[in-house]
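The figures that follow rest on heavy atoms only: side chains count, while hydrogens, waters and symmetry mates do not. Remember, predicted model here, so these are calculated numbers, not experimental data.
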Amino acid sequence: MCASPRPGRRRPCGPVREEAALTVARCPEGTKAIAGGYVRETWYKNGYGESLDDIIVNAPNDSDSGWAAKQFHGKTVARALCS
């Protein structure tokens, strides 16, 4: 669980998965994701410094009980703001 600056709101963090895997930050029981995002753990670039990676999932999960994130190649951590 990530720290939250506001009382009553929680910011869960998803686990770091292997490369190109979906990560989900799940909200506590009885709450729903009202916002979310991601943090990149790795980011592939070519020899010219151009990005070879992109986020392909950054959205609430199917039940709105968390936030999902996925990078095409690299490792990502999902984050959710729950209320």
Side-chain angles (χ1 to χ4, degrees):
M1 186 80 57
C2 297
S4 177
R6 293 187 180 176
R9 292 195 176 163
R10 297 175 180 236
R11 296 189 315 187
C13 296
V16 177
R17 299 283 186 204
E18 62 274 0
E19 296 190 356
L22 184 73
T23 178
V24 178
R26 300 202 184 277
C27 293
E29 187 76 29
T31 64
K32 297 216 177 241
I34 58 172
Y38 60 89
V39 174
R40 293 178 190 225
E41 291 291 315
T42 59
W43 188 352
Y44 289 95
K45 297 180 182 179
N46 64 16
Y48 301 104
E50 298 166 330
S51 177
L52 294 177
D53 216 345
D54 202 6
I55 295 292
I56 56 176
V57 174
N58 181 30
N61 66 346
D62 293 338
S63 62
D64 286 336
S65 63
W67 201 266
K70 180 179 177 183
Q71 229 175 182
F72 186 70
H73 289 291
K75 294 180 182 180
T76 306
V77 178
R79 294 202 174 179
L81 179 61
C82 307
S83 184

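- Here I56 contributes atom CD1 and T76 contributes atom OG1; the two are 9.0 Å apart, rounded to the nearest 0.5 Å.
- A pairwise comparison of heavy atoms in A33 and W67 identifies CB-CE3, 4.3 Å as the closest pair.
- Nearest heavy atoms, A69 versus G37: CB-O, 4.4 Å.
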Using side chain to side chain contact (heavy atoms under 4.5 Å, CB included), reason through V39 and R79 one step at a time and then give a plain yes or no. CA-CA 8 Å; V39 174; R79 294 202 174 179; 3.6 Å; yes
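- Partner of Y38 under the side-chain contact (heavy atoms from CB on, under 4.5 Å) criterion, chosen from V77, T23, I55: I55.
- When only modelled atom types and interatomic distance are considered, Y44 and E50 share no side-chain donor-acceptor pair under 3.5 Å.
- Checked by atom type and distance alone, the side chain of D53 pairs as donor or acceptor with a backbone atom of F72 at under 3.5 Å.
- Between A78 and A25, the closest heavy-atom pair is O-CB, 3.5 Å.
- The shortest non-hydrogen separation linking V24 to A68 is CG2-CB, 4.1 Å.
- Atom CG of N46 has more than 12 neighbouring heavy atoms from other residues, nucleotides or ligands inside a 6.0 Å radius.
- Q71 contributes a side-chain N or O that, together with a main-chain N or O of T42, makes up a donor-acceptor pair within less than 3.5 Å.
- Minimum heavy-atom separation, E19 to H73: CB-O, 3.0 Å.
- Residues I34 and S83 approach most closely at CD1-CB, 3.8 Å, considering heavy atoms.
- Note that the SG atom of C27 and the CG atom of N61 stand 8.0 Å from one another [nearest 0.5 Å].
- One finds the SG atom of C82 at 11.0 Å from the CZ atom of R26 (value rounded to the nearest 0.5 Å).
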